[in-house]
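A single structure is presented below for examination.
Note that the coordinates shown come from a computational prediction; the quantities given were computed from them, not determined experimentally. Residue numbers start at 1 and run along the sequence shown.
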Amino acid sequence: MPEGDKVFLTAARLRRALVGKTLVRSDFRVPRFATVDLVGEPVEEVVSYGKHLFIRTPRASIHTHLKMEGVWRTYCVGERWTRPRVTARVVLTTDDTEAVGFSLGFVRVLSRAEEHAAIEHLGPDLLGPNWDPAEAERRLASHPKQPIGLALLDQRNLAGIGNIYRSEICYLRRVHPALPVEAVPDLSALVNESHRVLTKAALEPPWRALVYGRTRWPCPRCGTRVVGRPLGETTPASDRIARQERGIFFCPKCQPEPDPAARAS
């Protein structure tokens with residue numbers, strides 16, 4: 001699933017392609033919004049919040065989430081699409097540009113006044129202009145028994161981290177992902193590390209993984225073989241790809257596994 005940095009970069013690309021232009025066609029290929037017509041509406045803003053993306057016109061906000069396979073692509077009008085047409089869920093056309101959302105996880109068209117309801121349950125946006133580390137730390141600390149590797153994935157605590165960066169952040173802070181939140185030596189430093197990592201990934205792509213997906217590779221610090229396995233998830237053992245995508249990755253020497261008695265009950 002794309003993480004906050006990828007959604008942030010997608011918003012920037014759509015912003016360059018659409019903002020300041022007027023829609024000459026809008027095509028929502030989802031039953032609930034199939035009759036929505038935004039022709040004549042200028043695109044005012046494109047913004048991201050965590051893993052959520054919003055394309056705003058004066059009276060509407062097109063809210064999309066990429067989920068596992070979604071992607072936005074932009075084309076010159078008349079240019080051949082590079083993805084199957086049947087997977088297109090949103091098509092927004094201006095005089096010179098087509099923005100197409102393929103295989104989007106969900107699509108909603110909200111009034112501008114309703115937009116806040118789509119994100120009010122989320123924690124602070126790691127890449128947002130109003131990033132609030134104190135609030136993110138408070139939300140994490142409110143789940144003291146939860147493994148930090150699961151707490152970082154909970155978008156209600158802080159918005160934007162996915163499976164790649166939870167492993168990377170824990171590695172950089174020498175914290176095992178199974179360690180309970182209350183046992184993390186410096187939670188404030190871990191929150192700040194989260195912000196640093198996501199910001200670097202968004203502003204200086206691509207991020208080169210240190211441990212994520214590198215099972216049996218040597219740790220960049222000590223040379224110990226990296227370990228990968230599930231954490232508190234019910235992925236079937238037969239689903240190798242899903243286990244790879246959702247598992248935790250860590251160095252058993254740099255990130256000692258917590259004693260069973262220290263784990264969340």
Give a yes or no on whether Tyr212 and Leu179 share a hydrophobic cluster (residues Ile, Leu, Val, Met, Phe, Trp, Tyr; joining criterion: side-chain heavy atoms under 4.5 Å apart).
yes
Got a sec, which residues hit side-chain contact (heavy atoms from CB on, under 4.5 Å) with Ala141, two or more places apart in sequence or on another chain?
Leu187
For the hydrophobic clusters of this structure (ILVMFWY residues joined by side-chain heavy atoms under 4.5 Å, transitively), does one cluster hold both Leu53 and Val107?
yes
Roughly how far, to the nearest 0.5 Å, is NE2 of His176 from SG of Cys251?
10.0 Å
Once rounded to the nearest 0.5 Å, what's the spacing between atom OG of Ser48 and atom CD1 of Ile119?
10.0 Å
Quick check on side chain to side chain donor-acceptor pair (under 3.5 Å): which of His116, Glu115, Glu114 does Ser61 satisfy it with?
Glu115
What I'd like to find out is whether the side chain of Leu23 reaches to under 4.5 Å of the side chain of Val39, using heavy atoms alone.
no
For Ala99 and Leu18, which heavy atoms make the closest approach, and how far apart are they?
CB-CD1, 3.9 Å
Residue pair Val30, Leu104: steps toward the side-chain contact (heavy atoms from CB on, under 4.5 Å) verdict
CA-CA 10 Å; Val30 291; Leu104 299 174; over 6 Å; no
Applying side-chain contact (heavy atoms from CB on, under 4.5 Å) to Ala201 and not counting sequence neighbours gives Asp5, Tyr165, Trp207
Should we say atom CZ of Arg225 is surrounded by more than 12 heavy atoms from elsewhere, each under 6.0 Å from it?
no
Going by heavy atoms in the side chains, are Val24 and Asp95 under 4.5 Å from each other?
yes
Rounded to the nearest 0.5 angstrom, the CG-OG distance for Asn157 and Ser194 is 11.0 Å
Indicate yes or no for a side-chain donor-acceptor contact from Glu257 to the backbone of Gln255 under 3.5 Å, with no hydrogens or angles considered.
no
Are any side-chain N or O atoms of Glu44 and backbone N or O atoms of Val19, one a donor and one an acceptor, separated by less than 3.5 Å?
no
Residue pair Ala60 / Arg112: nearest heavy atoms and the distance that separates them:
O-CD, 3.5 Å
Can you list the residues that meet the side-chain contact (heavy atoms from CB on, under 4.5 Å) rule with His63, with sequence neighbours excluded?
His52, Phe54, Phe106, Arg108, Leu110, Ala118
So which heavy atom on Asn192 is nearest to which on Pro133, and how close?
OD1-CB, 4.0 Å
I'd like to check the side-chain contact (heavy atoms from CB on, under 4.5 Å) partners of Pro205; sequence neighbours left out, ordered by chain and number.
Leu9
Do Val71 and Ser103 have side chains that approach each other closer than 4.5 Å (heavy atoms only, starting at C-beta)?
no
Show every salt bridge (Lys or Arg N to Asp or Glu O under 4.0 Å) that has at least one partner inside residues 12-28, sequence neighbours left out.
Lys21-Asp96, Arg25-Asp27, Arg25-Glu98, Asp27-Arg29
In the structure I gave you, are the side-chain heavy atoms of Phe33 and Ile62 within less than 4.5 Å of one another anywhere?
no
Under 4.5 Å between side-chain heavy atoms, counting indirect links through other Ile/Leu/Val/Met/Phe/Trp/Tyr residues: same cluster for Val91 and Phe28 or not?
no
Taking every non-hydrogen atom, the tightest pair across Leu127 and Gly4:
CD1-O, 3.6 Å
Side chain to side chain, Pro147 and Pro177, heavy atoms closer than 4.5 Å:
no
The reported gap from NE2 in His195 to CG in Leu190 (rounded to nearest 0.5 angstrom) is 14.0 Å
Same apolar cluster (I L V M F W Y, side chains within < 4.5 Å links), Val90/Val7
yes
Point-to-point distance, once rounded to the nearest 0.5 Å, from CG of Leu92 to CG of Leu38:
7.5 Å
Validation row: Trp131, Val191 side chains within 4.5 angstrom (heavy atoms)
yes
Looking at Arg166 and Glu3, is there a salt bridge between them, counting it only when a charged N and a carboxylate O are closer than 4.0 Å?
no
How about Cys254 and Thr224: do any of their side-chain heavy atoms sit closer than 4.5 Å?
no
Do Phe250 and Leu231 have side chains that approach each other closer than 4.5 Å (heavy atoms only, starting at C-beta)?
no
Would you say the side-chain atoms of Glu168 pair up with the backbone N or O of Val197, donor to acceptor, closer than 3.5 Å?
no
Out of curiosity, Gln146 CD to Leu152 CG, how far, rounded to the nearest 0.5 Å?
9.0 Å
Within the supplied structure, the quantity of interest is the number of heavy atoms (other residues, nucleotides, ligands) at a distance under 6.0 Å from Glu69 CD; does it exceed 12?
no
N/O donor-acceptor pair under 3.5 Å between Arg221 side chain and Tyr171 backbone
yes
Might you work through the salt bridge (Lys or Arg N to Asp or Glu O under 4.0 Å) test for Arg73 and Glu79, ending with a clear yes or no?
CA-CA 12 Å; Arg73 291 283 184 262; Glu79 183 180 357; over 6 Å; no
Verdict with supporting geometry, Leu172 and Arg196, side-chain contact (heavy atoms from CB on, under 4.5 Å)
CA-CA 11 Å; Leu172 289 165; Arg196 185 191 72 81; 3.6 Å; yes
Just by modelled atom types, is the Thr94 backbone N or O under 3.5 Å from a matching donor or acceptor in the Thr97 side chain?
no
Sorted by first residue and then second, give each salt bridge (Lys or Arg N to Asp or Glu O under 4.0 Å) pair with at least one member in residues 118-141; sequence neighbours left out.
Glu135-Arg138, Glu135-Arg139
Between the side chain of Tyr49 and the main-chain N/O of Ala159, is any donor-acceptor distance below 3.5 Å?
no
Is Ser167 reaching over with its side chain to a backbone N or O of Phe249, donor-acceptor style, under 3.5 angstrom?
yes
Closest approach of Asp186 and Arg173, non-hydrogen atoms and distance?
CB-NH2, 4.2 Å
Under a 4.5 Å side-chain heavy-atom rule over Ile, Leu, Val, Met, Phe, Trp and Tyr, are Val47 and Val43 clustered together?
no
Could you tell me which non-hydrogen atom of Glu41 sits nearest to which non-hydrogen atom of Pro58, and how far apart they are?
OE1-CD, 3.2 Å
